Amino acid sequence: MGVWVFLVVNVVVVLGMFAAAGPAKNALGTVGRLLGLLLALALALQLLLVSRLPILDVGFGMDRLTTWHRWTGQAVFWLALAHPAFVLLGFARLDGISFLGETVNLAKQVPVLLGMIAVLLIVVVVGLSVRIVRRRLSYEAWHAVHLLVYAIVVLGMLHQVYEGSAFQVNLFTRVYWWGLWAFVLGSLLVYRVVVPLVRNNRHRLRVAAVVAESADVVSVHVTGRDLEKLRARAGQFFLWRFPGHNPWWQVNPFSLSAAPNGRSLRLTAKGVGATSAGLRDLPIGAKVFAEGPYGAFTTVHRSRDASLLIAGGIGVTPIRALLEDRGLTGHVVILYRVRDPRDAVLLGELRNLAELRRASLHVLSGRSGAGNPPFRPFAPERLMEMVPDVTARDVYVCGPEPMTDAVLASLRALRVPSRQIHAERFRLAA
């Protein structure tokens with residue numbers, strides 16, 4: 001509720017600023033000015049979503065923030081195209097020249113040229129984030145492309161300083177506008193730069209052991225100083241860098257695969273990218289730089305005593321950590337989805353923990369859609385058969401997006417209250 005209030009208040013203020021500034025020299029220019037204000041606001045909100053602000057991260061979780069990030073990114077994209085289009089059309093009509101001619105004419109002004117470059121970079125970033133393109137990029141390449149966002153911010157701010165007029169109307173508009181941007185950039189600087197640097201200097205993380213869990217899955221054990229002060233929880237993840245082993249810009253989000261004990265952290269990853277595939281070659285004692293902990297996929301948001309944990313593939317890592325968490329009380333059922341039983345990573349640990357907790361563990365293997373009738377492990381009727389009291393449990397789901405979507409659809413069909421559903425899709429706002 002607070003998020004929507006914040007959004008509505010800012011939109012109303014921006015509309016008030018637009019009205020106070022008065023119209024431009026023609027209707028096209030007036031629309032362009034409004035779109036520019038909304039673009040700047042959308043960009044500020046986008047940065048806030050990726051700032052790792054604790055109240056957002058803990059309150060809503062990375063999965064929901066990533067969804068909002070995608071929606072806001074689409075708004076930024078269309079506004080970034082529409083704003084200059086209307087402004088250029090307006091000036092072209094005033095000057096009596098073509099759209100292309102006006103574009104060349106205004107590009108001779110440095111502040112306008114900076115804005116144009118920012119728009120081009122936005123098109124590049126959003127274009128490479130489209131799902132069909134994103135699937136062809138490694139996570140490392142996608143993350144590197146998103147570093148262009150910082151260049152967009154710098155160019156956009158310079159463009160606003162020299163070309164903005166609506167927020168220069170009076171003292172209130174100036175204080176509001178630059179106060180908003182100071183809050184956004186301050187949050188970004190503090191939680192994306194200062195806090196990680198301070199924490200890593202304090203904890204001095206190092207690789208303590210590297211364990212091959214299977215042919216393509218490896219666990220890395222990390223130790224350091226005063227790890228209990230990290231206040232990490234089972235189900236959370238860190239952004240991991242390994243200086244000296246990988247370039248600084250190569251960073252990956254890996255969940256903790258064991259509940260934090262104040263002495264060590266463990267991540268478990270499947271070798272699908274350059275960083276994750278190279279984890280097995282990490283030398284003992286290698287330096288580790290970690291940002292986090294992040295995520296709300298924890299027992300903090302539980303509303304029922306009993307729980308259902310559903311994992312798919314390498315999505316078992318936070319599920320395995322949750323199973324070890326003392327905050328998970330009551331009866332627990334675990335559903336572990338793999339195509340082949342041999343792909344069930346950490347299965348031995350799951351069985352041991354399930355036995356200690358007197359929990360029920362089911363490994364669901366086989367190809368979806370195979371057989372007659374087709375094998376649908378997470379169909380509503382199948383879930384009810386395995387977990388008859390599913391509507392009375394908190395449900396934690398982590399795995400590939402298609403599996404997670406299927407599970408969530410079945411939970412909705414079974415009318416499991418949304419407050420009892422906690423999902424992690426392995427999506428990240430870079």
Side-chain angles (χ1 to χ4, degrees), residues 62 134-135 137-147 196 199-200 203-225 227 230 232 234-261 263-295 297 311-322 324 336 338-340 342-350 398-400 424-428 430:
M62 189 55 62
R134 168 71 181 89
R135 287 174 177 171
L137 293 176
S138 67
Y139 176 83
E140 293 83 1
W142 178 76
H143 181 268
V145 168
H146 271 65
L147 294 178
R199 283 179 175 170
N200 280 274
H203 299 297
R204 305 295 177 92
L205 302 176
R206 299 282 178 176
V207 174
V210 179
V211 179
E213 304 290 354
S214 69
D216 60 350
V217 176
V218 63
S219 290
V220 178
H221 297 254
V222 176
T223 57
R225 303 186 309 189
L227 294 188
L230 275 173
Q236 291 188 304
F237 69 94
F238 287 78
L239 299 177
W240 302 90
R241 286 182 172 87
F242 301 95
H245 186 73
N246 296 115
W248 70 269
W249 51 267
Q250 282 192 3
V251 55
N252 281 77
F254 296 130
S255 296
L256 297 175
S257 59
N261 57 18
R263 300 183 302 277
S264 66
L265 304 171
R266 186 182 77 169
L267 64 101
T268 301
K270 187 173 183 178
V272 294
T275 302
S276 53
L279 291 178
R280 63 179 63 246
D281 299 321
L282 282 172
I284 305 303
K287 187 176 180 180
V288 180
F289 190 96
E291 297 178 45
Y294 299 130
F297 193 69
I314 199 62
V316 71
T317 54
I319 295 296
R320 185 265 179 233
L322 282 172
E324 193 178 14
Y336 188 7
V338 290
R339 179 167 293 186
D340 188 288
R342 292 171 294 183
D343 298 329
V345 181
L346 305 178
L347 182 57
E349 296 183 17
L350 285 176
C398 187
E424 186 65 78
R425 301 171 187 257
F426 285 149
R427 301 182 305 182
L428 184 68

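Source: prediction; values computed, not measured.
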For [X] and [Y], which heavy atoms make the closest approach, and how far apart are they?
X: Pro400; Y: Gly312; answer: CD-O, 3.4 Å
X: Ala234; Y: Pro260; answer: N-CD, 3.7 Å
X: Val288; Y: Asn200; answer: O-OD1, 3.6 Å
X: Ser219; Y: Thr268; answer: OG-OG1, 2.7 Å
X: Ala311; Y: Val316; answer: CB-CA, 3.6 Å
X: Val210; Y: Arg280; answer: CG1-CA, 3.8 Å

* Taking side chain as C-beta onward, heavy atoms only, is Phe297 less than 4.5 Å from Leu322? ->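 Phe297 vs Leu322: side chains touch.
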
* Asked: With a 4.5 Å heavy-atom cut-off, do Val220 and Phe254 have their side chains touching?
  ->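 Val220 vs Phe254: side chains apart.
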
Rounded at 0.5 Å granularity, tell me how far [atom1] in [X] sits from [atom2] in [Y].
X: Asn261; Y: Glu324; atom1: CG; atom2: CD; value: 8.0 Å
X: Phe237; Y: Thr317; atom1: CZ; atom2: OG1; value: 11.5 Å
X: Asp216; Y: Ile314; atom1: CG; atom2: CD1; value: 8.0 Å

* **Verdict with reasoning, Arg266 to Ser257, per side-chain hydrogen bond (donor to acceptor under 3.5 Å, both in side chains)** => CA-CA 6 Å; Arg266 186 182 77 169; Ser257 59; 2.8 Å; yes

* Show the numbers, then the answer: is there a side-chain contact (heavy atoms from CB on, under 4.5 Å) between Leu279 and Phe242? => CA-CA 9 Å; Leu279 291 178; Phe242 301 95; 3.4 Å; yes

* Passing candidate, side chain to side chain contact (heavy atoms under 4.5 Å, CB included) with Phe238, options Leu265, Leu267, Asn252 ->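 Testing Phe238 for a side chain to side chain contact (heavy atoms under 4.5 Å, CB included) against Leu265, Leu267, Asn252 leaves exactly one candidate, Leu265.
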
* Arg263, CZ: over 12 other non-hydrogen atoms inside 6.0 angstrom ->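 No, CZ of Arg263 has 12 or fewer neighbouring heavy atoms, counting only those of other groups under 6.0 Å.
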
* Asked: Taking it one step at a time, do Leu227 and Leu205 satisfy side-chain contact (heavy atoms from CB on, under 4.5 Å)?
  -> CA-CA 9 Å; Leu227 294 188; Leu205 302 176; 3.5 Å; yes

* Asked: Is it true that Glu291 and Arg199 make a salt bridge, defined as a side-chain N closer than 4.0 Å to a carboxylate O?
  ->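 Between Arg199 and Glu291 there is no salt bridge, as every charged N stays at least 4.0 Å from the carboxylate O atoms.
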
